[in-house]
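Presented below is the structure to which this report refers.
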Protein chains: 4
Amino acid sequence: MKHIKRRERESNEIRRKIIEAARSLFLNQGYAEVSMRKIADQIEYSPTTIYHYFANKEAVVRELLLEGNALFLQALQQSQEEAEAAGLNALDKLKTVSDAYVRFGMANPEYYSILFISNLESVSLVSLIDSGRFKGFELLEAGLLAAMEEGGIIQGNESLIASSVWSMLHGLTSLLLNFELPMTSSKDELISFTIDTFFRGLQS
Amino acid sequence: MKHIKRRERESNEIRRKIIEAARSLFLNQGYAEVSMRKIADQIEYSPTTIYHYFANKEAVVRELLLEGNALFLQALQQSQEEAEAAGLNALDKLKTVSDAYVRFGMANPEYYSILFISNLESVSLVSLIDSGRFKGFELLEAGLLAAMEEGGIIQGNESLIASSVWSMLHGLTSLLLNFELPMTSSKDELISFTIDTFFRGLQS
Amino acid sequence: MKHIKRRERESNEIRRKIIEAARSLFLNQGYAEVSMRKIADQIEYSPTTIYHYFANKEAVVRELLLEGNALFLQALQQSQEEAEAAGLNALDKLKTVSDAYVRFGMANPEYYSILFISNLESVSLVSLIDSGRFKGFELLEAGLLAAMEEGGIIQGNESLIASSVWSMLHGLTSLLLNFELPMTSSKDELISFTIDTFFRGLQS
Amino acid sequence: MKHIKRRERESNEIRRKIIEAARSLFLNQGYAEVSMRKIADQIEYSPTTIYHYFANKEAVVRELLLEGNALFLQALQQSQEEAEAAGLNALDKLKTVSDAYVRFGMANPEYYSILFISNLESVSLVSLIDSGRFKGFELLEAGLLAAMEEGGIIQGNESLIASSVWSMLHGLTSLLLNFELPMTSSKDELISFTIDTFFRGLQS
DNA sequence: TATGAATGAGGGTTCATTCAT
DNA sequence: TATGAATGAACCCTCATTCAT
């Protein structure tokens, strides 16, 4: 019994190592730079070994994506709970979650870009879109509905508004990740200014 | 004399074919999908032929990028002139240009992604891109300044605000390009709603 | 245990085959003639296979070079030991080693030309080559010093004299390898005549 | 009539340019570096133009070789005439010519290596060997015969001795060209020492 | 479980050369 | 005379993947 557990643990460790390596490679140079051999080199196993844990390269990337997705949701939910605990009103909760969105992207560029920037059709997004990415979207929608009820923002098609908010947050995040903005202010200022401005526009 | 012109034209025709092929390949999967061999296959010439027109792959992509940049700027400027001709106020001019930004991205996904999404450091064109990217940025800043003077939007650090506007527009565009939004409304609605909301937030 | 050894042996066998093939290709036209594809063809493996054993073409040639270097030194040392065992005087030992130098070149034209004729800066091995090339040189110098002490040859700057001897031996070898001399005598006669003449010139 | 001459002159000028370019490319990196396109680039004509003057790459290199051969012979003959004019004895004449041999190689590394180092079977040496390279050899033989008659050197098979002398000179030259000898003395010293030593060995 | 062996496909690029103009 | 257009062959090398052990 015991040694089976050990095996499982070891097995999971290698899976982890593979994902970690893929993640770091992805971070450095994007999807193109992730190759089975490079992963193998990095974890100091043979390329063949990876195929014991993942069916193919796509499966590795998909796992990476799923993981990023989970962490992303977790970050959003945590920030929401904290906002809740702090007794914020619905609008401020939304702003807090929005801020958390951008912070997550900045702190985890590799996950953010694999989730939202790279166009990984090879990873068969279909399943993913259903399975999780839009949990974040639902969270957003729910927050918007609450804010509408509280009167913090205008009434309206919450799905449309959620898409709009998402646009704003995604633009903010990916610009911060990929471009050196010709700016006199700090990144923090840009984030809060943009979020504040957008939600002010949503107020009645 | 005449036949020289013909030659030039033909020469340019092949250059064009190459760029077009590269552009269409780029559309599918980004830079990785663009290969000299694939371009050659598509235009039905040998790979070697491409090297008569471009020094290497980088030069092909650079041309593509420069072209996209020029078209992008042109689209923005044209919309500005039209807004001007229509006698719009500064704020509405800004909205018109913003709308043109998103429309350009939707109409030219390959150009938009080569300009703003793909991370082409390999093309080492940062400076070149910037020169043009920031022409768009300056256009934005100038519009903002004008709107401030007219009183249409709040006073403030125009470089910060321009970055903020850009974030919003970029987010809108790339979401529209890369994701099927779970939306009940149309893309047009999303665009105008987002732009309106954001600029309403900028009003005093 | 056993099968590991077998594996190692097999692995070495293919390494050997690669080196042998490279060696034989080198024989024809030098470095330019050595190509990964040609090696692969010759050993009847795919080109990719070679990359399991060597990082790149340079590594193949480097190994070839190191091997040639080792064999060359070995040949010189062995002839020296034999001369020693035969109780020859210092001058005759020198002549014996000199003869061995030329014989090695004739018997191993690929090695000789990779070592001393081809200008393999591309292999960036100058230091490596030198380390061994100058072991041969030191052996020569030591022999000269001994002969000076014994009175067999004139006193003098032994490094200059060693260079001079080396010139003579290298000229002899490379002429024998690369040209059909318009000669009435045999190669053997040329070798012994040249060596004898040169060392006679060195006698006081 | 006149313009035909001009044409010929111009034609020859381009031939010359081609050869010059080939020569300089050859000098830099050896035969492998000489390519039709690089020659064309260097002379600022199209690659096709070269084919109006030379049947193919081989013909270019052959011309280069013939030219080098002519210059080489010329250098040897001139030194011989000078030695004659200076009233030197046969042995000293031989030494003078020997010195000129090495000097030519050092002053014209590209010609020397194309003549004696590179193994250009592609240039069909056969014809060349007969046609000129061995004029130098005959010159050497004649000098040796004269020196034998004068009593400056031992009697013997002059063809064997000439080969031997050639070996020594070739070794000296190619070592000086291709290797940084680990030497405390100067190149000049090495040259004169080696030549002197060898001819001393030839003296009775 | 882990790997060494092996490969076919494809990557960018350079070459000598031909042909029509 | 000179060239622009074009190519097939070859170059080194990396990729994801399979298979037997």
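So that the names make sense, note that chain A is the first sequence line, chain B the second, and so on, each numbered from 1.
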Cation-pi geometry met for A:Lys57 and A:Tyr51 (6.0 Å, 45°): no
Under 4.0 Å protein heavy-atom contacts per nucleotide of nucleotides 6-13 of chain E, with B for base, S for backbone only and - for none: BBBB-BBB
Listed partners of A:Arg23 passing salt bridge (charged side-chain N to carboxylate O under 4.0 Å, His left out), at least two apart: A:Glu110
Test side-chain hydrogen bond (donor to acceptor under 3.5 Å, both in side chains) applied to C:Gln42 - qualifying residues, sequence neighbours left out: C:Ser24
Test side-chain hydrogen bond (donor to acceptor under 3.5 Å, both in side chains) applied to D:Glu20 - qualifying residues, sequence neighbours left out: D:Arg16
Atom pair distance, as rounded to whole Å: CZ in D:Phe54 and C1' in E:dT18: 19 Å
Integer-rounded Å distance: E:dA2 P and A:Glu13 CD: 11 Å
Any donor-acceptor N/O pair, D:Asn108 side chain to D:Tyr111 backbone, under 3.5 Å: no
Main-chain N/O of D:Leu65 paired to D:Asn69 side chain as donor or acceptor, under 3.5 Å: no
Partners meeting side chain to side chain contact (heavy atoms under 4.5 Å, CB included) with B:Ser46 (sequence neighbours left out): B:Thr48, B:Thr49
Pairs touching residues 26-44 of chain A that satisfy salt bridge (charged side-chain N to carboxylate O under 4.0 Å, His left out), sequence neighbours left out: A:Glu33-A:Lys38
Inter-end axis angle, the helix from E:dA2-F:dT21 to E:dT21-F:dA2, with every axis fitted to five base pairs (rounded, 10 degrees): 20°
